[in-house]
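Read through the structure below, which is laid out as structure tokens, and then see the notes.
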Amino acid sequence: MATHSPPPERRRIQFDEQLPLDHRLNQVYRIGAGLMGLFLVAFGILGLANRIGFFDTGGDTTLGLSTNGALSVLSICVGVLLFVGMVIGGNFASTLNMAFGFLFLLSGFIHLALLDTEYNYLAFKIQNVLFSFVVGILLMVFGMYGRVGSTLPHDNPYWRARHPEEAEFEARRAAVTHGAEPPGLERRSGPDTTRRM
């Protein structure tokens, strides 16, 4: 009877343990969430300031985009969530950017089909559809940056989590080369394996 060894356990990626808070990846995720969140909140506030009806489809515009009260409130809510992602940063911000990027793309396709119909409750026009596509793509690029690809550098936390054995080998090789303990080795080693002075 053949036995199969269990697949290697995937490590959960923790930016706080592997990268400083000002690391480039963390900055990209935060900047992406913050910029998109700022625009959406501004768009929503300006839309509400115009006192447009909640489901009005009369073609009122704000910042060049058609809007109504419902779209303004929804924009503020999404913008605030992106701000939360900016504050938390790290893996959470990356995942949040990708999720909202997908939702914006989906919204663009749905409202493209609903243009000039009675079900266009958010008063979308073609410029809103194009805006949804652009924001969706930008958010997905910000969220996937340094996370998806075949040429990730070996100090990348996502590469390290997907290749734990290679990452540990490289850490040990670097420790031998530079005469220092590899990161995290002290925690994994027992008291009898510590280096003696």
Nearest 0.5 angstrom please: [X] [atom1] to [Y] [atom2], how far?
X      : Y     : atom1 : atom2 : answer
Leu35  : Ile31 : CG    : CD1   : 7.0 Å
Leu122 : Ser66 : CG    : OG    : 10.0 Å
Leu48  : Thr62 : CG    : OG1   : 9.0 Å
Tyr29  : Met98 : OH    : CE    : 7.5 Å
Ile88  : Phe83 : CD1   : CZ    : 14.0 Å

Quiz prompt | Test log, rule side-chain contact (heavy atoms from CB on, under 4.5 Å), inputs Phe102 and Leu139 | solution = CA-CA 8 Å; Phe102 172 78; Leu139 282 173; over 6 Å; no

Exercise. Decide if the gap between the ring center of Phe131 and the ring center of Phe39 is smaller than 6.0 angstrom.
Key: yes

With distance as the sole test, does [X] use its side chain to make a donor-acceptor pair with the main-chain N or O of [Y] at under 3.5 Å?
X     : Y     : answer
Ser75 : Leu40 : no
Asn97 : Ser94 : no
Arg30 : Val87 : yes
Asn68 : Asp60 : no

Exercise. Taking side chain to side chain donor-acceptor pair (under 3.5 Å) as the test, write out the residues that go with Ser72, two or more places apart.
Key: Thr67

Quiz item: Only one of Thr95, Leu82, Val135 forms a side chain to side chain contact (heavy atoms under 4.5 Å, CB included) with Phe100, so which one is it?
Solution: Leu82

List the atom pairs, donor and acceptor, that lie under 3.5 Å between side-chain atoms in residues 104-116 and the rest of the protein, sequence neighbours left out.
residue	atom	partner	partner atom	Å
Ser107	OG	His111	ND1	3.2
His111	ND1	Ser107	O	2.9

Quiz prompt | Within-4.5 Å side-chain heavy-atom neighbours: Ser132 and Asn128 | solution =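 SC-SC contact between Ser132 and Asn128 ruled out.
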
Quiz item: Within a strict 4.5 Å, meaning less than it, do heavy atoms of the Leu71 and Phe43 side chains meet?
Solution: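 Yes, their side chains come closer than 4.5 Å.
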
Quiz item: Considering all heavy atoms of both residues, which atom of Gly85 and which atom of Ala93 are nearest to each other, and what is their separation?
Solution: O-CB, 3.3 Å

Self-check item: Evaluation steps, side-chain contact (heavy atoms from CB on, under 4.5 Å), between Leu65 and Thr61
Solution: CA-CA 5 Å; Leu65 300 173; Thr61 59; over 6 Å; no

